[in-house]
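Keep in mind that this is a model prediction, so the values were computed, not measured. Computation of the quantities below employed the complete heavy-atom set of this structure, encompassing side-chain atoms and omitting hydrogens, waters and symmetry-equivalent molecules.
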Amino acid sequence: MISYLDNSATTKPCAEAVAAINEMLTNKWGNPSSLHRLGIDAMQEVILARSVIAESMSVNPEEIIFTSGGTEANNMALFGAVKARRRAGNRIVTTAIEHESVIQSANELERQGFEVVYLMPDKYGNIDEKQIFDAVNENTILVSMMYVNNEVGSILPVKAIKKAVKRASAPALIHIDCVQAYGKMNVNPKKLGADLVTVTAHKIHGPKGVGALYISKECNLTAQNFATVFGGEQEKRIRTGTEAAPLIAGFGAAVKAIPSYTEQSKKIKELNEYTKTKISEIDGVIFNSGENASPYIINMYVPTFMRSQTILQELSAKYQIYVSNGSACTKGKKSHVLTAMGLSDEILDKSIRISFSRDNTIEDADRLAKAIKELVESHPI
């Protein structure tokens, strides 16, 4: 028996997504740009998936651009927005706890001469609304912030960004990375006040290798703001090249399979509370995730002499329990999120992330708590 508790890294593809991909690979494998029957069949599935994803966010299908995933969508959003607004100002506002794809893009823009303000979190990864209002000024051309932090689950006050931009009379575009929120919370770009929104398939039981960027038609961005690859008319020339039709169809199928937010949230919240109660019985455990964090993520310090990499390897090899020590994209490097939160080296070195999906059960929580208790008792500090 295995317990997979690393769902913030990726999720197991659902049966609906697998079936859709298989159908595309075996029966609808034409090039979506071809004008014969096989091509038309493939394009119809791409159109359907785009409509399903757009409907899930209450936006228009033409505002959805398919990408290879969240990282590409985040890069497109930052560089595209700055290219479009660079004559209007020089300031970019983001946070120190963003995904690496945003942090590294912001670092590069800083090297290019833009002023980048990195908002700092509190010890639980929270960003205060006042920080946004203080940072956004009349020279701000972009605000990029994640909705839910991928390491500690903190929910950021993204709805305040629009108010801050309006108060400062800033020409800023607003980008929200919703990779960890989409499929778990209501992601409505218009209600969030966002011009650009990033989502991806493999966090919602869809395939890896496909994501999407919402680009509001109201922000008037064109292909010239984004294009780095030339050679086709696909995706409004914003992302050219033959569409990954099987993955796109799988993405759409995964979105259609998302259960009721209300029912899903209730189940995950109960599982989160049960898991923390069981783990709290272990002396010395510290939860790095705050009380108001997303219930899908628990980041915690394990009181043992082993470092986090060894802890997760032990859990994997001995118990077949799969967790992580932070973002999968950092490949084991010290967490920039926990560092920004001001946590000690001891906590940084011995913290793990547990992340749930709708597939997880109370039995997973029991197995995890039992395994951690055994590790702490057999390998004390």
Side-chain angles (χ1 to χ4, degrees), residues 1-12 97 100 121 123-125 149-154 180 203 267-291 293-381:
M1 178 180 179
I2 72 167
S3 290
Y4 181 79
L5 295 162
D6 193 19
N7 292 282
S8 286
T10 198
T11 52
K12 179 181 178 180
I97 59 171
E100 284 285 345
K123 65 179 181 179
Y124 293 114
N149 181 264
N150 58 311
E151 292 196 32
V152 297
S154 51
Q180 295 294 341
K203 311 293 189 183
K267 174 192 171 182
I268 299 298
K269 185 176 181 180
E270 290 173 352
L271 182 58
N272 176 289
E273 291 173 351
Y274 180 85
T275 303
K276 287 195 290 189
T277 298
K278 295 290 288 185
I279 290 175
S280 295
E281 297 171 0
I282 304 168
D283 290 338
V285 165
I286 298 172
F287 293 113
N288 302 321
S289 299
E291 290 298 318
S294 166
Y296 285 85
I297 298 174
I298 299 173
N299 194 295
M300 56 175 283
Y301 161 76
V302 181
T304 172
F305 76 78
M306 296 185 294
R307 299 183 70 176
S308 57
Q309 188 70 27
T310 306
I311 294 169
L312 70 89
Q313 288 171 349
E314 284 283 301
L315 289 172
S316 173
K318 188 174 180 180
Y319 301 96
Q320 289 188 290
I321 296 173
Y322 306 120
V323 299
S324 72
N325 61 336
S327 171
C329 295
T330 62
K331 292 189 178 292
K333 289 193 301 182
K334 187 172 289 189
S335 167
H336 71 278
V337 174
L338 299 186
T339 300
M341 288 162 55
L343 303 183
S344 68
D345 286 342
E346 168 72 12
I347 292 179
L348 259 67
D349 287 341
K350 299 175 182 178
S351 288
I352 62 173
R353 179 188 67 185
I354 302 150
S355 47
F356 303 112
S357 81
R358 61 181 185 255
D359 293 337
N360 291 123
T361 64
I362 294 295
E363 287 71 28
D364 291 321
D366 286 334
R367 293 187 73 236
L368 175 69
K370 183 175 183 292
I372 291 177
K373 186 173 187 295
E374 290 180 3
L375 287 182
V376 170
E377 289 176 349
S378 60
H379 303 285
I381 295 175

I need the minimum non-hydrogen distance between Ser351 and Ser308, along with the two atoms involved. O-CB, 3.1 Å
Might you point out which heavy atoms bring Tyr274 and Ile362 nearest each other, and give the distance in Å? CE2-CG2, 3.5 Å
Partner of Ile352 under side-chain contact (heavy atoms from CB on, under 4.5 Å), picked from Asn288, Asp6, Ile372, Asn299, is Ile372
Kindly say whether Asn150 contributes a backbone atom to a donor-acceptor pair with the side chain of Arg353 at under 3.5 angstrom? yes
Heavy-atom pair with the smallest gap, counting every atom of Ile97 and Ser154: CD1-OG, 4.1 Å
Using a 3.5 Å distance criterion without hydrogens, assess whether the side chain of Lys203 forms a donor-acceptor pair with backbone atoms of Ala9. yes
Side-chain donor-acceptor pair under 3.5 Å between Gln180 and Ser294, yes or no? no
OH of Tyr124: more than 12 outside heavy atoms within 6.0 angstrom? no
Should the pair Tyr4 and Tyr322 be assigned to parallel (<30°), tilted (30 to 60°) or perpendicular (>60°) ring geometry? tilted
For a quick test of reading the model, state the closest non-hydrogen atom pair linking Ile2 to Asp364 and the distance between them. O-OD1, 4.1 Å
Looking only at heavy atoms, what is the nearest atom pair of Glu346 and Tyr301, with distance? OE2-OH, 2.7 Å
By the salt bridge (charged side-chain N to carboxylate O under 4.0 Å, His left out) test, which pairs, at least two apart or in different chains, include something from residues 370-381? Lys370-Glu374, Lys373-Glu377
Within the side chain of Thr310, is there an N or O that forms a donor-acceptor pair under 3.5 Å with the backbone of Met306? no
Does a donor on one side chain sit under 3.5 Å from an acceptor on the other, for Asn7 and Ser355? no
Do any N or O atoms from the side chain of Lys350 and from the backbone of Thr304 form a donor-acceptor pair under 3.5 angstrom? yes
Looking only at heavy atoms, what is the nearest atom pair of Arg367 and Tyr319, with distance? NH2-O, 2.7 Å
Which is it for Glu151 and Ile297 under the side-chain contact (heavy atoms from CB on, under 4.5 Å) test, yes or no, and what are the steps along the way? CA-CA 7 Å; Glu151 292 196 32; Ile297 298 174; over 6 Å; no
